[in-house]
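Throughout, a chain's letter reflects where its sequence line sits, starting with A, and its residues are numbered from 1. Note that these values count all heavy atoms, side chains included, but never hydrogens, waters or copies made by symmetry.
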There are 2 protein chains.
Amino acid sequence: MSSRKTLAHNLRVLRAARGLSQEALADAAKVDRTYISALERQKYSVTIDRLDEIAKELGVETYVLLMKDLPPEALSGDRA
Amino acid sequence: MSSRKTLAHNLRVLRAARGLSQEALADAAKVDRTYISALERQKYSVTIDRLDEIAKELGVETYVLLMKDLPPEALSGDRA
DNA sequence: GTGTGACTTAAAGTCCGTT
DNA sequence: TAACGGACTTTAAGTCACA
């Protein structure tokens with residue numbers, strides 16, 4: 001399982017869990033709307049600097065975005 | 001704490017735990033010898049494709065490289 | 001609200017060296 | 001063995017128009 005694929009999946013799941021559109025997340029993370037779309041389609045290999053920004057907006061630690069099995073507290077949105 | 005900094009630290013710790021030089025790890029992960037050095041000095045924002053390759057050679061899951069507190073089994077080299 | 005192609009420019013990543 | 005620089009190539013970053 002590549003990290004591109006894991007990330008794509010987790011972005012979709014976490015975004016849905018928070019009721020955010022690609023556009024809403026993009027705005028919050030200060031990136032283009034089509035960029036989030038590209039990541040969810042595994043278009044390229046994101047850098048950890050971008051991951052940090054996106055993770056922050058989703059309220060999770062950066063490494064969580066690369067976990068195959070998301071911890072329940074990530075889904076619920078708890079930042080503990 | 002940025003992921004660059006966390007990664008730099010973890011690379012040094014895991015490399016030492018396995019007795020690998022920067023060059024040996026670079027060769028195994030099929031990246032340039034100067035690149036591992038650069039990552040440990042936080043010069044670049046690594047992409048997740050490279051992280052996957054490096055993690056594989058260190059015997060850990062990719063996300064572990066971005067954890068502030070490495071799990072003990074990562075240090076011991078267990079791939080469980 | 002999302003997928004996609006075309007495009008430009010910033011940065012990742014390589015390869016040569018020296019200290 | 002590792003830090004570091006310079007020149008180079010490849011790819012991510014970022015934006016747009018349109019479906």
> What does the inter-axis angle of the helix from C:dT2-D:dA19 to C:dT19-D:dA2 come out as, five pairs per end, nearest 10 degrees?
Replying inline: 40°

> Could you walk me through whether A:Leu14 and A:Leu25 pass the side chain to side chain contact (heavy atoms under 4.5 Å, CB included) check?
Replying inline: CA-CA 10 Å; A:Leu14 292 173; A:Leu25 174 58; over 6 Å; no

Rounding to a whole Å, what distance do you find between [X]:[atom1] and [N]:[atom2]?
| X | N | atom1 | atom2 | answer |
| --- | --- | --- | --- | --- |
| A:Arg41 | C:dG1 | CZ | P | 17 Å |
| B:Asp52 | C:dA12 | CG | P | 17 Å |
| B:Gln22 | D:dT1 | CD | C1' | 8 Å |
| A:Leu11 | C:dT2 | CG | P | 12 Å |
| A:Glu23 | D:dC16 | CD | P | 13 Å |
| B:Glu40 | D:dA3 | CD | C1' | 11 Å |
| A:Lys43 | D:dT11 | NZ | P | 14 Å |
| A:Ile36 | D:dA12 | CD1 | C1' | 14 Å |

> Can B:Leu65 and B:Val46 be said to form a side chain to side chain contact (heavy atoms under 4.5 Å, CB included), step by step?
Replying inline: CA-CA 11 Å; B:Leu65 294 179; B:Val46 75; over 6 Å; no

> For A:Lys5, does the NZ atom sit with more than 12 other heavy atoms under 6.0 Å from it, leaving out its own atoms?
Replying inline: no

> Going 5' to 3' along nucleotides 13-19 of chain C, which nucleotides have protein heavy atoms under 4.0 Å from the base (write B), which only from the sugar-phosphate (write S), and which from neither (write -)?
Replying inline: BSBBB--

Any donor-acceptor N/O pair, [X] side chain to [Y] backbone, under 3.5 Å:
| X | Y | result |
| --- | --- | --- |
| A:Asp52 | B:Ser2 | no |
| B:Ser45 | A:Ile48 | yes |
| B:Arg33 | B:Asp27 | no |

Tell me whether the OP1 or OP2 atom of [N] has a side-chain N or O from [X] closer than 4.0 Å.
| X | N | value |
| --- | --- | --- |
| A:Ser37 | C:dT2 | no |
| A:Arg12 | C:dG1 | no |
| A:Arg4 | D:dA12 | yes |

>> Would you say that B:Val64 contacts B:Leu58 through its side chain, given a criterion of any heavy-atom pair below 4.5 Å between the two side chains?
In response: no

> Charged N to carboxylate O under 4.0 angstrom, A:Glu53 versus A:Arg50?
Replying inline: yes

> Between A:Asp32 and A:Thr34, does a side chain to side chain donor-acceptor pair (under 3.5 Å) hold up when you go through it step by step?
Replying inline: CA-CA 5 Å; A:Asp32 195 78; A:Thr34 62; 2.6 Å; yes

